[in-house]
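Only one structure is covered here, and it is reproduced in the block below.
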Amino acid sequence: MKDLLKIYNSLLKIYGPQGWWPLLFRKRTKRDKENSFIGYHCGDYSYPKNNQQRFEICAGAVLTQNTAWTNVEKALINLNNNDLLNAKAVKETDLQELKKAIMPAGYYNQKAIYLKKIAEFCLSIKGRTPAREEILSVKGVGPETADSILLYAYNQPEFVVDAYTRRMFTHLNFFNKNAKYNEIKEIFENRLPKDVIVYQEFHALIVQHAKNHFSRKVKINESSFL
DNA sequence: AACCAGGACGTGA
DNA sequence: TCACGTCATGGT
């Protein structure tokens, strides 16, 4: 079985740093490429810089559940336009207003409730880094969302397993398609250096490569397998 | 015009 | 534990 670190380095060489987690509402820096897509901060791992950005990641992680990121962006922009992109405002705002704002991201009835829950949670921990079980106890936060929040909002070394990871590495014969979330997570964490940047970058690279090679309407060929 | 997207929850075996 | 139905908008 091929070395995961070699696959990581191949992907990094092909695609370059991905700049995850995208933060739509941050100041552009000198390091931003002129035409780089807003949000992605390629090669800059100094995020998040404050609790507002931390909450933007939490909100994005919930909103992107089984949903295209382009739809999440619309919802995040609506939230920002209504001054709702912070935990306190989300907690206090009217539920119907919240639903209206996040409508483009789909599942808005349940996601509005989930956003309220995660907002209350963020306020309750007062900026300290939460434990994994703690976040998992929030309704609407499952294993992938919890790991995304820990890895990207709190810079904790928790590997994120999503549908792309499962699909791509099933094709690469690392495990079968009915492997459990935690089994897959352990495979990655046991075979990679416990490095937050590697975890962050690898997950983002997997998403990019899987979009190109392992999603619908895309033929799998020899270049898919690195 | 189906099909799918950076899942999670509730339910009943 | 586990398989299955449900949730919803927007792009292809």
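Protein chains get the first letters and strands the later ones, always in sequence-line order, with residue 1 at the start of each. FYI, side chains are in, hydrogens and waters are out, and symmetry mates aren't considered; it's all heavy atoms of this structure.
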(request) Indicate, with a heavy-atom threshold strictly under 4.0 Å, whether A/K180 touches base, sugar-phosphate, or nothing. (result) sugar-phosphate

(request) Under 4.0 Å between any heavy atoms, over every strand shown, what does A/V160 touch: base, sugar-phosphate, or nothing? Just pick one. (result) nothing

(message) Looking at A/R167, I'd like to know whether one of its side-chain N or O atoms comes within less than 4.0 Å of OP1 or OP2 on B/dA5.
(response) yes

(message) With a 4.0 Å limit, can you tell me whether A/K74 has a side-chain N or O closer than that to the phosphate oxygens OP1/OP2 of C/dG11?
(response) yes

Can you check the [X] [atom1] to [N] [atom2] distance for me, whole Å?
X: A/L115; N: B/dG7; atom1: CG; atom2: P; result: 16 Å
X: A/I113; N: B/dA8; atom1: CD1; atom2: P; result: 17 Å
X: A/N182; N: C/dT1; atom1: CG; atom2: C1'; result: 14 Å
X: A/K177; N: C/dA3; atom1: NZ; atom2: C1'; result: 14 Å
X: A/F214; N: B/dA5; atom1: CZ; atom2: P; result: 14 Å
X: A/W69; N: C/dG11; atom1: CH2; atom2: P; result: 16 Å
X: A/K139; N: B/dG7; atom1: NZ; atom2: C1'; result: 16 Å
X: A/L136; N: B/dG7; atom1: CG; atom2: C1'; result: 13 Å

(request) Might you work through the salt bridge (Lys or Arg N to Asp or Glu O under 4.0 Å) test for A/E120 and A/K117, ending with a clear yes or no? (result) CA-CA 5 Å; A/E120 283 182 37; A/K117 298 287 185 187; 5.7 Å; no

Pick the [atom1] atom in [N] and in [M], then give their distance to the nearest Å.
N: C/dA3; M: B/dA5; atom1: C1'; answer: 22 Å
N: C/dC7; M: B/dA1; atom1: P; answer: 23 Å
N: C/dA8; M: B/dT11; atom1: P; answer: 16 Å

Check nucleotides 4-8 of chain C against the protein and report each pair of N or O atoms closer than 3.5 Å, with its distance, or say if there are none.
{"residue": "C/dC7", "atom": "O2", "partner": "A/Q110", "partner atom": "NE2", "Å": "2.9"}
{"residue": "C/dA8", "atom": "OP1", "partner": "A/Y107", "partner atom": "O", "Å": "3.3"}
{"residue": "C/dA8", "atom": "OP1", "partner": "A/Y108", "partner atom": "N", "Å": "3.2"}
{"residue": "C/dA8", "atom": "OP1", "partner": "A/N109", "partner atom": "N", "Å": "2.7"}
{"residue": "C/dA8", "atom": "OP1", "partner": "A/Q110", "partner atom": "N", "Å": "3.4"}
{"residue": "C/dA8", "atom": "OP2", "partner": "A/N109", "partner atom": "ND2", "Å": "2.8"}
{"residue": "C/dA8", "atom": "O4'", "partner": "A/Y107", "partner atom": "N", "Å": "2.8"}
{"residue": "C/dA8", "atom": "N6", "partner": "A/Y107", "partner atom": "OH", "Å": "2.1"}
{"residue": "C/dA8", "atom": "N1", "partner": "A/Y107", "partner atom": "OH", "Å": "2.9"}

(request) Taking the six-membered ring for Trp and the single ring otherwise, decide whether the centroids of A/W69 and A/W20 are under 6.0 Å apart. (result) no

(message) Can you confirm whether or not the ring centre of A/Y152 sits under 6.0 Å from the ring centre of A/Y47?
(response) no

From the set [options], return the single nucleotide nearest to any side-chain atom of [X].
X: A/N71; options: B/dA5, B/dC9, C/dT9; answer: C/dT9
X: A/Y114; options: B/dC9, C/dG10, B/dG7; answer: B/dC9
X: A/A68; options: C/dT9, B/dA5, B/dG7; answer: B/dA5

(request) Before giving the answer on side chain to side chain donor-acceptor pair (under 3.5 Å), spell out for A/D147 and A/Q156 the whole-Å C-alpha distance, their side-chain angles and the decisive distance to 0.1 Å. (result) CA-CA 9 Å; A/D147 287 333; A/Q156 298 301 297; over 6 Å; no

(message) As a test of understanding, state which of A/F159, A/F188, A/Y45 forms a ring-ring contact (aromatic ring centres under 6.0 Å, His included) with A/Y199.
(response) A/F159

(message) Rounded to the nearest 0.5 Å, what separates atom OH in A/Y8 from atom CD1 in A/I206?
(response) 10.5 Å

(request) Answer yes or no: is there an ion pair linking A/R128 with A/E134, defined by an N-O contact shorter than 4.0 Å? (result) yes

(request) Flag the pair A/C42 / A/Q18 as yes when at least one side-chain heavy-atom distance between them is below 4.5 Å, and no otherwise. (result) no

